[in-house]
Amino acid sequence: MNVARESVDVAREANSLIATLMAMPWGQVSASVYETGRLVTLAPWLTGHGERIDYLTRTQRPDGAWGAPGGYSVVPTLSATEALLTVGATEPAGRGLAALRRQLPRMTDLPDMPAADLIVPALIALINAHPVGEPLPLPPGLDSSRVERVRRVLSSGAEPPQKLLHALEVAGPASGGSSFVRPTVIGTVGASPAATAAWLGGAWLGTGALLDADSARSHLEAVVARYGGPVPVGLPITVFERGWVLSWLARAGVPVEVPPEMVADLRAAIGPGGTPAGAGLPPDADTTSVALYALALHGMARDPESLLAFDTGGHFCTWQGEDGFSISVNAHVLDAFGAYAASGPDRADAYADVRERLARLLVERQRPDGSWDDRWHASPYYATLSCVLSLSEYGGPGLAPTVARARAWVLSSQRPDGSWGRWEGTPEETAYAMQTLLLPEAVNGGTVEERHRQAAARGHRFLQLSGEMSDYPPLWHDKDLYTPIAVVQAAILAARYVHARMVSTGQTWT
C-alpha cells in the first residue's frame, strides 16, 4: 500500500464529504420501504406516486417480504403490502400477505425499533380492513391498546409528547386532530414524510392551518424531488449527521478543513435542554453528546450540563419518556463529559462521579462474548466500537481487560474475506471493527499488537475491493432500518486513515 497516497486520498475525500454536508443541509439518508409505503397510501396525489409503487415492487424479496432478515422485515413488509393492496397491485401484495402469514405467528421478539408497538398493530388493522380473507394475527404479546390511547389523545385535542410526532401516521384520521401539532418552519411534521402526509390528510383547519398545509406540501415535494419518488424514514438529520461525521473524522485524526459556520451552527443548536437530531424531533442525549464531543475535538468545548436532563439516576435515557435503554447513548455521553474534563486543567475533576458511573455501567452491560449490542443499530460492531473508544479514552484505569475482551471478540468474528458483519460482511461494520482494533493505541500511546495489525490489514483489503459505494446496507434503527450515508462514509474514511497511519508509523502511534 502506498501510505502517503492513501492518507492524501482520505483527506481529499473527507474534505469533499464535508462540502456535501454544507450543500445538502437536511442530510443524506437512504430510502425507506416503510416510509415509502405509507406515502403510497396517504398521499397518492403527491408527485412520484408511480415511482413509489415501482420502488416497492422492485425491492420485494424472492420470499415475498421486504427488508432485512428476521424480525426486521415485519414493519417494511406490513407497510409495503398494505400500500400495494391499496393501489390494487394484487400479485406482489399477495406474496407479501403470504410472507406475513408465515412470519407473524412466530414473531415473539420484534427488534427494538422506535414505535414498533404502535406501527405493527396499526398496519395489521389497515391490512385486515382490505378483503384479504383470513385476518392477519398480531404477533404474540402485542395488542392495540397503545395505538388506541394515542388516537384518543389526539382526537381530544390534547398536546401529544413530541417524540410521538415522528410516528404520527399511526393515529390515522386523528393525526390532524390536535391543535398542538403543526409543521416546523421547514414544513416537516416529526422529521418524517409519513407523519407529514398523515397530518395533511387529517389537517385541523384552524387559524393558520391552511398556510401550514402549504408548507407541509412544499416540504414533501422537496423530499420527493431529492429521491425521485421514494422517501427516507427521517429527514432532516442536520445536527445528527454533522456531529457524527465531524467526530468520526476528528477522532481518527483525519485532516479536514471544517467551515467555521458549520461548527458555529453545531454550537448554536445545543440549548439548555440539549439538541434534536433535526427539525421536528425532540432533543435527545445521543445527538447532544456527540455534538458536544465534536465541538470539544474542534477546540470549542462547552459545559455538557444540558445532558443532565437525561440522567435517570441509573443511566442516561435517549429522550424523556424513553421505553428502552441504549448502551451507545451512554458511551457517547461518557465521551462528552470526558472530553470536557480533558479540555483544560481546571476542568479535570468536572463530573467525575458521572464519568465513573457511566464507565461502570458500560462494563456491567458487556455481553459474555465481549461485545455490546444496542437499540439504535442492528450491528454489535457499532455498539462495541462506541464502548471501546469511550472506555479507552475516558473510562479510567483498570478497564484494560474489558477492552481486551471486546477486541478478542472482534478478532474471532472476522470473516474469511477480511470483512466483518452481522448478516454479511459490509464496509460499514468492517470500518467499526478496524477502529476497535487500532484506535485505542492512539489514546494510550502504545504499539498495535501484531494480530490486530494483521486483522486490520485484511479488513483494509476488503474496503479496497469494495471500492466507492453509496448504497450501503441499512443498519441503523428508526421505524425502518436506514443508512445515514455521510456518517457511514466518514466511519469508513476514519478506518482507512488510522490504518494508513499505523503503517506509516511502524505500528506505533505518535
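Values reported hereafter were calculated over all heavy atoms of this structure, with side chains retained and with hydrogens, waters and symmetry mates removed.
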Exercise for review: Check the pair Leu295, Val263 against side-chain contact (heavy atoms from CB on, under 4.5 Å), reporting the backbone distance first and the verdict last.
Suggested key: CA-CA 7 Å; Leu295 288 169; Val263 180; 3.6 Å; yes

Exercise for review: Take Arg38 and Ser79, measure what side-chain hydrogen bond (donor to acceptor under 3.5 Å, both in side chains) needs, and give me the verdict at the end.
Suggested key: CA-CA 6 Å; Arg38 294 305 79 224; Ser79 181; 3.0 Å; yes

Review point. Is there a side-chain contact between Leu475 and Thr483, using heavy atoms and a 4.5 Å cut-off?
Key: no

Review point. Heavy atoms, side chains only, cut-off 4.5 Å: are Asp311 and Arg357 in contact?
Key: yes

Review point. Sub-3.5 Å donor-acceptor pair from the side chain of Thr430 to the main-chain atoms of Thr426, do we have one?
Key: yes

Point to revise | Backbone of Val74 reached by a side-chain donor or acceptor of Thr77 within 3.5 Å | key: no

Revision key, fill the gap. In this structure, CG of Asp417 is separated from OG of Ser466 (nearest 0.5 Å) by 8.0 Å

Practice item. Over all heavy atoms of both residues, which pair between Pro25 and Met22 is shortest? Give the atoms and the distance, please. Key: CD-O, 3.7 Å

Review point. Taking atom types as modelled and ignoring hydrogens, do the side chains of Trp409 and Gln366 form a donor-acceptor contact shorter than 3.5 angstrom?
Key: no

Review point. Can you tell me how far the CZ atom of Arg407 sits from the OG1 atom of Thr402, to the nearest 0.5 Å?
Key: 12.5 Å

Check your understanding: Side chains of Tyr381 and Ser413: donor-acceptor distance under 3.5 Å anywhere?
Key -> yes

Point to revise | Check: Val224 and Arg52 side chains under 4.5 Å, non-hydrogen atoms | key: yes

Check your understanding: If you look only at pairs with a residue in residues 263-281, which of them pass as a salt bridge (Lys or Arg N to Asp or Glu O under 4.0 Å), with sequence neighbours excluded?
Key -> Arg242-Asp265

Practice item. Decide yes or no for Thr20 and Leu17: does some side-chain heavy atom of the first lie under 4.5 Å from some side-chain heavy atom of the second? Key: yes

Check your understanding: Looking just at side-chain N and O atoms, do Lys479 and Ser192 make a donor-acceptor pair shorter than 3.5 Å?
Key -> yes

Review point. Within a reach of under 6.0 Å around CD of Glu221, are more than 12 heavy atoms found that belong to other residues, nucleotides or ligands?
Key: yes

Review point. Are Ser419 and Glu429 close enough, and set up right, to give a side-chain hydrogen bond (donor to acceptor under 3.5 Å, both in side chains), and what steps lead you there?
Key: CA-CA 8 Å; Ser419 69; Glu429 292 167 280; over 6 Å; no

Point to revise | Pairing residues for Tyr55 by the ring pair (Phe, Tyr, Trp, His ring centres under 6.0 Å) criterion, not counting sequence neighbours | key: none

Review point. In Å, rounded to the nearest 0.5 Å, how long is the span from OG1 of Thr57 to CH2 of Trp66?
Key: 8.5 Å

Exercise for review: Step by step, work out the side-chain contact (heavy atoms from CB on, under 4.5 Å) result for Asp286 and Phe240.
Suggested key: CA-CA 9 Å; Asp286 207 18; Phe240 161 65; 5.8 Å; no

Revision key, fill the gap. Value for CG (Leu281) from OG1 (Thr287), rounded to nearest 0.5 Å, stands at 8.0 Å

**Study point:** Whether Tyr432 and His377 hold their rings parallel, tilted or perpendicular, with breakpoints at 30° and 60°
**Key:** perpendicular

Check your understanding: Got a sec, which residues hit ring pair (Phe, Tyr, Trp, His ring centres under 6.0 Å) with His166, two or more places apart in sequence or on another chain?
Key -> none

Review point. How long is the gap from CE on Met434 to CG on Leu385, to the nearest 0.5 Å?
Key: 11.5 Å

Check your understanding: Quick one: side chain to side chain contact (heavy atoms under 4.5 Å, CB included) partners of Asp117, sequence neighbours excluded?
Key -> Leu142, Arg146

Practice item. With Glu322 as reference, evaluate His315, Arg375, Lys163 under the side chain to side chain donor-acceptor pair (under 3.5 Å) test and give the passing residue. Key: Arg375

Point to revise | Side-chain donor or acceptor of Glu241 paired with backbone N/O of Pro484 under 3.5 Å | key: no

Exercise for review: Answer yes or no: is there a donor N or O on one side and an acceptor on the other, between the side chain of His460 and the main chain of Ala456, under 3.5 Å?
Suggested key: no

**Study point:** Candidate pair His499 and Glu6, rule side-chain hydrogen bond (donor to acceptor under 3.5 Å, both in side chains), full reasoning
**Key:** CA-CA 9 Å; His499 178 261; Glu6 173 84 348; 5.7 Å; no

Check your understanding: Checking Ser16 side chain against Arg12 main chain: does a donor-acceptor pair fall under 3.5 Å?
Key -> no

Revision key, fill the gap. In terms of heavy-atom contacts, Ala294 and Gly243 come closest through CB-O, 3.8 Å

Check your understanding: Between Ser175 and Leu168, what is the shortest heavy-atom contact and its length?
Key -> OG-O, 3.1 Å

Exercise for review: Please check if the side chain of Asp480 supplies one atom and the backbone of Pro76 the other of a donor-acceptor pair under 3.5 Å.
Suggested key: no

Exercise for review: Please tell me if the side chains of Trp423 and Pro473 come closer than 4.5 Å, counting only heavy atoms from C-beta onward.
Suggested key: no

Point to revise | Close side-chain approach of Arg251 to Asp335, heavy-atom, < 4.5 Å | key: yes

Study note, to complete from the structure: All heavy atoms of Pro114 vs all of Ile119, minimum pair found to be O-CD1, 4.0 Å

Check your understanding: Could Arg415 and Phe462 be counted as a cation-pi pair, given that NZ or CZ must be under 6.0 Å from the ring centre and within 45° of the axis?
Key -> no

Review point. Are Arg365 and Asn330 close enough that some pair of their side-chain heavy atoms sits under 4.5 Å apart?
Key: no

Practice item. Taking the side chain as every heavy atom from C-beta outward, state whether Trp319 and Pro283 have any atom pair closer than 4.5 Å. Key: no

**Study point:** side-chain contact (heavy atoms from CB on, under 4.5 Å) between Trp476 and Val488, intermediate numbers included
**Key:** CA-CA 10 Å; Trp476 294 68; Val488 171; 3.9 Å; yes

Exercise for review: For Thr288 and Thr275, work out which heavy atoms get closest and say how close.
Suggested key: OG1-N, 2.9 Å

Review point. When you measure from the side chain of Arg453 to the backbone N and O of Leu438, does any donor-acceptor pair fall under 3.5 Å?
Key: no

Exercise for review: Determine yes or no for a side-chain-to-main-chain donor-acceptor pair under 3.5 angstrom, with Trp244 supplying the side chain and Ala490 the backbone.
Suggested key: no

Review point. How long is the span from the CD atom in Glu305 to the CZ atom in Phe337, to the nearest 0.5 Å?
Key: 9.0 Å

Practice item. Could you please spell out the steps behind the side-chain contact (heavy atoms from CB on, under 4.5 Å) verdict for Leu42 and Glu169? Key: CA-CA 9 Å; Leu42 293 166; Glu169 66 275 8; 4.1 Å; yes

Check your understanding: Pairs in or reaching into residues 6-39: which pass ring pair (Phe, Tyr, Trp, His ring centres under 6.0 Å), with residues at least two apart or in two chains?
Key -> Trp26-His219

Check your understanding: What heavy-atom pair brings Ser326 and Asp374 nearest, and what distance separates the two atoms?
Key -> OG-OD1, 2.8 Å

Review point. Does atom CD of Glu257 have more than 12 heavy-atom neighbours, drawn from other residues, nucleotides or ligands, at distances under 6.0 Å?
Key: no

Practice item. Apply side chain to side chain contact (heavy atoms under 4.5 Å, CB included) to Ala216 and list each qualifying residue two or more places apart in sequence or on a separate chain. Key: Pro183, Thr196, Trp199, Leu200

**Study point:** Under 3.5 Å donor-acceptor, Thr36 side chain and Pro230 backbone
**Key:** no

Check your understanding: Quick check: does any side chain N or O of Thr188 sit under 3.5 Å from a backbone N or O of Gly280, one acting as donor and the other as acceptor?
Key -> no

